[in-house]
Number of protein chains: 2
Amino acid sequence: MGITKSQIFTSRQNELAQLFKILGHPARIAILQYISKQDSCICNDLVEEIGLAQATISQHLKELKTIGLLKGEIEGKKMCYCLDVDQWNSIQKELNTFFNTTKINCCS
Amino acid sequence: MGITKSQIFTSRQNELAQLFKILGHPARIAILQYISKQDSCICNDLVEEIGLAQATISQHLKELKTIGLLKGEIEGKKMCYCLDVDQWNSIQKELNTFFNTTKINCCS
DNA sequence: ATTTATTATCGTAATATTGCAATATTATAA
DNA sequence: TTATAATATTGCAATATTACGATAATAAAT
């Protein structure tokens, strides 16, 4: 029926999947990469740089905010979107924990 | 229009997003975790353990195979699904590279 | 050969995601 | 106050994903 049956999984499994899912779009990867190498990180720059409509970029930014990867500060009539480095490190750590605790293989 | 515009991104961005995307479902997380802690890793066990229909589990296993995380060996009329540890490590490394090269922040 | 057990595939319904135009909101500039 | 500029939100169309029943395919057992 197309709906993910979240209720049959643990909250940790759902949260982990949520992190992976939000990172699972090339536009969001591109946004993160662009922000990380710029001195300024204005939404309008992203529209030109990435080539998606302003509404679409805004939506992707919103999703990245839901997992705390980005924080936006108002600078006059512009927005400065920044990586939240603490959250970034924390997510990297969480994903590594998943990889390290899951790699034991039954057939090797 | 709802279709991801893959053509405007680099192949590296698309590949990275693809990895994240496939890991971005709780059923696939659960499958990986279950396989990693069992002595045997039979598809039918997963159906009972996870509580999704057999067709659905089979589909998720197929997706995990597309990024090489799982390999399946035929054992009589059963299938033994195993983690490909090399690929597992390789993907972990790739994701860490992404995290390490992207964390520089413009506003901090 | 027939049955049984296991997994894969097909078809389809329900829901989610992606993308954009139009519009709303917010803040500066004139 | 009225533009102007930047970003957010809404509404909608197109496509993708998720899930499952039905069925096919495969291999062992009888």
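Predicted model, so just to flag it, every value in this text is computed and none were measured.
- Checked for salt-bridge contact, B:Glu94 and B:Arg12 meet the test: a charged N lies under 4.0 Å from a carboxylate O.
- Using a 3.5 Å distance cut-off with no hydrogens or angles, the side chains of B:Asn89 and A:Lys103 do pair a donor with an acceptor.
- Distance, B:Leu46 CG to D:dC20 P: 14 Å, rounded to whole Å.
- Here D:dT7 is the nucleotide among D:dT7, C:dG19, D:dC20 with the atom lying nearest to any side-chain atom of A:Ile42.
- Within the 4.0 Å cut-off from OP1 or OP2 of C:dT17, not a single side-chain nitrogen or oxygen of B:His25 is found.
- Checking side-chain atoms of A:Thr97 against main-chain N and O of A:Lys93 turns up a donor-acceptor pair under 3.5 Å.
- Shortest non-hydrogen contact noted between B:Leu83 and B:Lys71 is O-CE, 4.1 Å.
- Among the nucleotides C:dG19, D:dA19, C:dT6, the one closest to the side chain of B:Lys78 is C:dT6.
- A:Tyr81 has a side-chain polar atom (N or O) that falls below the 4.0 Å cut-off from OP1 or OP2 of D:dA8.
- Spacing between atom NZ of A:Lys62 and atom C1' of C:dT25 amounts to 14 Å, rounded to whole angstrom units.
- Under a 3.5 Å cut-off, the side chain of A:Asn14 and the backbone N or O of A:Ser6 do form a donor-acceptor pair.
- Checking C:dG11, C:dT7, C:dG19 against the side-chain heavy atoms of B:Gln59 singles out C:dG11 as nearest.
- A heavy-atom distance below 4.0 Å to DNA chain C is reached by none of the residues of residues 8-23 of chain B.
- Side-chain contact check for A:Asp45 versus A:Gln38: every heavy-atom pair is 4.5 Å or farther apart.
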### Task
Apply side-chain hydrogen bond (donor to acceptor under 3.5 Å, both in side chains) to B:Lys65 and B:Tyr81, showing your working.
CA-CA 10 Å; B:Lys65 269 191 288 186; B:Tyr81 275 103; 3.2 Å; yes
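- Remark: the backbone N or O of A:Thr10 is paired with a side-chain donor or acceptor of A:Gln13 at under 3.5 angstrom.
- When rounded to the nearest whole Å, the span between NZ of B:Lys65 and P of C:dT7 equals 11 Å.
- Between B:His60 and A:Cys43, the one whose closest nucleotide on DNA chain D sits nearer the 5' end is A:Cys43.
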### Task
Starting at the 5' end of nucleotides 22-30 of chain D, put B wherever the base has a protein heavy atom under 4.0 Å, S where only the sugar-phosphate does, and a dash everywhere else.
-----SS--
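- Nearest-nucleotide mapping onto DNA chain D: of A:Ser58 and A:Ser6, the residue sitting toward the 5' end is A:Ser58.
- Using cut-offs of 30° and 60° on the angle between ring planes, the pair A:Phe20 and A:Phe99 is perpendicular.
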Let me have the donor-acceptor pairs involving side chains of residues 51-63 of chain B, under 3.5 Å, with sequence neighbours excluded, atom names and distances please.
from	atom 1	to	atom 2	distance (Å)
B:His60	ND1	B:Arg28	NH1	2.9
B:Glu63	OE2	B:Arg28	NH1	3.2

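- Going from atom CG of A:Leu61 over to atom P of D:dT9 covers 11 Å, rounded to whole Å.
- Atom CD1 of B:Ile57 and atom P of C:dT9 are 15 Å apart (whole Å).
- Taking only side-chain atoms of B:Ala53, from C-beta outward, the nucleotide of D:dA8, D:dT18, D:dG21 with the closest atom is D:dG21.
- Along DNA chain C, the nucleotide closest to B:Thr56 and the one closest to A:Gly51 are compared, and the more 5′ of them pairs with B:Thr56.
- Rounded to an integer number of Å, the gap from CG of B:Leu64 to C1' of C:dA8 is 16 Å.
- Comparing D:dC20, D:dA8, C:dA8 against the side chain of B:Leu52 picks out D:dC20 as the nearest.
- Between B:Lys5 and C:dC20 there is a side-chain N or O to OP1 or OP2 distance below 4.0 Å.
- In terms of phosphate contacts, A:Asn44 brings a side-chain nitrogen or oxygen within less than 4.0 Å of OP1 or OP2 of D:dT7.
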